[in-house]
Amino acid sequence: MTFESFCNVTLSLLTAFKENVVIFVITLLCAIPLGLLMTFGSMSKFKPLKWLVRTFVWIIRGTPLMLQLFIFMYGPGLLFGIVYPDSIFGITINNRMIAALLAFIINYAAYFSEIYRGGIESIPKGQYEAGQVLGMTKSQVFFKVVLMQVVKRIVPPMGNEIITLVKDTSLARVIAVGEIMMTANEYAADGIIWPLFYTAVFFLLFCGVLTVLFSKVEKKLDYYR
Amino acid sequence: MSVLEVKGIKKSFGSNNVLKGIDFSLEKGEVLAIIGSSGSGKTTLLRCLNFLETPDSGEIYVNGKLLLDPSRPDTMNEKDIRTKRLHFGLVFQSFNLFPQYTVIKNITLAQELLAKERPDYKADKKKILEDIYNNSIKILDRVGLLEKEKAYPCELSGGQQQRVAIARALAMRPEILCFDEPTSALDPELTGEVLKVIRGLKSSDSTMIVVTHEIEFARNVADKVIYMADGVIEEMGTPAQVIDNPQSEKAKAFLSNIFKQ
Ligand SMILES: Nc1ncnc2c1ncn2[C@@H]1O[C@H](COP(=O)(O)OP(=O)(O)OP(=O)(O)O)[C@@H](O)[C@H]1O
Ligand SMILES: [Mg+2]
């Protein structure tokens, strides 16, 4: 291995890793609020909605993400004849990426929604009642009293889940999204094995940064119990 | 006119008839102590008064105005219930302070949220918030915790937390302040400071209902005592009548049990 080939491989892996980062960022941005919506659904007093959402979450959590990727890749076309658009908000995007993003967003929203639900249900009833008795409305109780306590409780499990997401992004290669593992694998097919192992560095660095970030957030929320 | 009048409150959970018709009234400035064994329905009664439970039937009047009557849907409107709640305050056995806020914020929060609905809020925001702060500081001083203004609840002892909870309830200026066994969750050496604060609140214009197992406190502070058993008021009267000279067998047994300890 020459220094030059090392630089070249690093550069091409880095370019591919951008795809992983894009999946990661967009999934988080969409799944975090979507998960909250699903939580409201799964905690709804309206039984049909509650059971619909819970069944959906069960299906998503009970099947492999890899399978969901295939379904979002081929399902819409095969079942409904839907073709993904070539661009969204004027940004060109290939249909494999769209399928990958949909699968990741929905999969992670389902996981997040369960974490949120656990967090919300762990807040003692007394907190709601204390707010109500002081004349707060239901939404004031939720946003002013409960929410911050929920946030504190869900930071550790969310941290875990988000770090899992970093590594899960490499699953997108099963529908041929040109992410880092796929690129490394192309080198392997040419008989150059080491880039495959080298990918670990990218994941480790990224997860390392996130771990530090999350422990900072946890510290920040440490001022109360 | 009585500040509070409760008529025929009934409440059951499934087949468990917890309140079987509760009637009493309170004059302004009176302190009512409610005693009774575990499960007799004391907490449920306070929760009905604070609209945390809806009675199955009965009426609640404050200053002669009907607040709640389950047989009249016009009194059960969700929006109005919120404002009706403000006639009452409730101090919980387990404090239920908001852990993420400082002591002072615990006291100001609900006042600030309520003030936002005032028509003059936008124009006088600064002045209104200042008044709320000053009012809260004054109340914090009354419960003797001025120096804890910026502390978080987890940094306080149980007794101090309960005093903050009392301040928080007081700050909303309820007409009737209810306490549900305010000292039961405290170590014995901390009950004194909380009872002292409650005693200090007694005045001609603060009406209080205290559910308690502290018989001495009831005897010394209450104007009126109710002994509850199995969802009914067994005895009602002055401390001298109910505590020192109970008539019913149940009350006698309950009190002699307590005095034995
Ligand atoms: N939300 C509820 N659902 C079902 N049953 C309830 C509920 N709340 C109270 N009960 C029942 O009502 C009865 C009276 O309870 P309550 O808490 O009012 O008693 P209490 O007099 O306050 O007792 P304690 O001295 O132990 O606090 C008990 O049998 C209790 O199990
Ligand atoms: Mg009780």
Side-chain angles (χ1 to χ4, degrees), chain A residues 32 36 39-40 43-47 49-50 112 115-159 213-225, chain B residues 43 46-47 49-53 78-103 105-117 150-156 161 164-165 167-174 176-178 180 185:
Chain A
I32 284 175
L36 193 60
T39 305
F40 290 144
M43 292 181 73
S44 167
K45 289 212 176 74
F46 182 56
K47 289 266 166 63
L49 177 64
K50 175 172 140 176
F112 290 165
I115 293 177
Y116 300 156
R117 187 161 70 91
I120 291 173
E121 284 174 351
S122 74
I123 304 301
K125 197 166 97 255
Q127 289 290 310
Y128 292 87
E129 293 182 345
Q132 284 177 309
V133 164
L134 292 166
M136 295 184 200
T137 61
K138 285 227 165 86
S139 77
Q140 286 172 339
V141 170
F142 183 78
F143 287 106
K144 299 289 181 179
V145 173
V146 176
L147 188 61
M148 271 308 282
Q149 299 183 51
V150 174
V151 168
K152 183 182 167 85
R153 284 175 201 219
I154 66 174
V155 165
M158 285 295 279
L213 222 68
F214 267 101
S215 70
K216 280 232 166 90
V217 173
E218 273 181 57
K219 273 242 174 62
K220 254 229 150 88
L221 292 170
D222 226 22
Y223 68 89
Y224 70 88
R225 245 173 290 138
Chain B
T43 297
L46 288 193
R47 289 173 60 83
L49 292 178
N50 283 275
F51 299 86
L52 291 175
E53 303 287 355
E78 181 76 29
K79 249 200 197 126
D80 299 340
I81 280 183
R82 195 187 140 225
T83 41
K84 288 173 183 172
R85 271 207 175 102
L86 291 170
H87 293 290
F88 296 88
L90 178 59
V91 174
F92 299 84
Q93 189 172 342
S94 51
F95 332 135
N96 295 341
L97 292 178
F98 308 135
Q100 74 271 40
Y101 294 124
T102 57
V103 163
K105 186 74 184 175
N106 261 276
I107 302 175
T108 56
L109 179 66
Q111 299 176 78
E112 288 167 0
L113 293 174
L114 200 63
K116 276 190 186 156
E117 287 160 37
K150 297 207 166 65
Y152 286 92
C154 63
E155 298 163 347
L156 303 180
Q161 289 189 47
V164 173
R168 182 177 69 173
L170 272 179
M172 303 306 288
R173 304 176 202 275
I176 299 134
L177 184 51
C178 307
D180 189 9

> Take Leu113(B) and Leu134(A) through the test side chain to side chain contact (heavy atoms under 4.5 Å, CB included) and record every step on the way to the result.
CA-CA 10 Å; Leu113(B) 293 174; Leu134(A) 292 166; over 6 Å; no
> Under 4.5 Å from any heavy atom of chain A, what part of Gln93(B) do you find: side chain, backbone, both or neither?
neither
> Tell me, for Phe98(B) versus chain A, whether the close heavy atoms (under 4.5 Å) come from the side chain, the backbone, both or neither.
both
> Any idea which of Lys79(B), Arg168(B), Met172(B) has the most non-hydrogen atom pairs under 4.5 angstrom with chain A?
Arg168(B)
> Check whether any side-chain heavy atom of Ile120(A) lies under 4.5 Å from a side-chain heavy atom of Phe142(A), and answer yes or no.
yes
> Side chains of Phe214(A) and Val155(A): does their closest heavy-atom pair fall under 4.5 Å?
yes
> Is the number of heavy atoms from other residues, nucleotides or ligands under 6.0 Å of Lys84(B) NZ greater than 12?
yes
> Less than 4.5 Å apart, any side-chain heavy atom of Ile32(A) and any of Met158(A)?
yes
> Leu221(A) and side-chain contact (heavy atoms from CB on, under 4.5 Å): which single residue from Arg153(A), Lys216(A), Lys152(A) fits?
Lys152(A)
> Which bit of Leu86(B) is near chain A, if near means a heavy-atom gap under 4.5 Å: side chain, backbone, both or neither?
side chain
> For the candidates Ala171(B), Ala110(B), Ala169(B), Pro153(B), which exhibits the highest count of non-hydrogen atom pairs separated by less than 4.5 Å from chain A?
Ala110(B)
> Please step through side chain to side chain contact (heavy atoms under 4.5 Å, CB included) for the pair Glu112(B) and Lys105(B), ending with a clear verdict.
CA-CA 10 Å; Glu112(B) 288 167 0; Lys105(B) 186 74 184 175; 2.9 Å; yes
> Pick one of side chain, backbone, both or neither for Leu97(B), based on which atoms fall under 4.5 Å of a heavy atom in chain A.
backbone
> Does any heavy atom of chain B fall under 4.5 Å from the side chain of Tyr223(A), the backbone, both, or neither of them?
both
> Measure distances from Lys138(A) to the heavy atoms of chain B and classify the residue's part below 4.5 Å as side chain, backbone, both or neither.
side chain
> Using non-hydrogen atoms only, which part of Arg47(B) is less than 4.5 Å away from chain A: side chain, backbone, both, or neither?
side chain
> Is Tyr101(B) close to chain A through its backbone or its side chain, or both, or neither, when contacts mean heavy atoms under 4.5 Å?
side chain
> Heavy-atom distances under 4.5 Å only: say whether Leu52(B) touches chain A with side chain, backbone, both or neither.
side chain
> Thinking salt bridges, do Arg82(B) and Glu117(B) make one under a 4.0 Å N-O criterion?
yes
> Under a 4.5 Å heavy-atom cut-off, does chain B meet the side chain of Gln140(A), its backbone, both or neither?
side chain
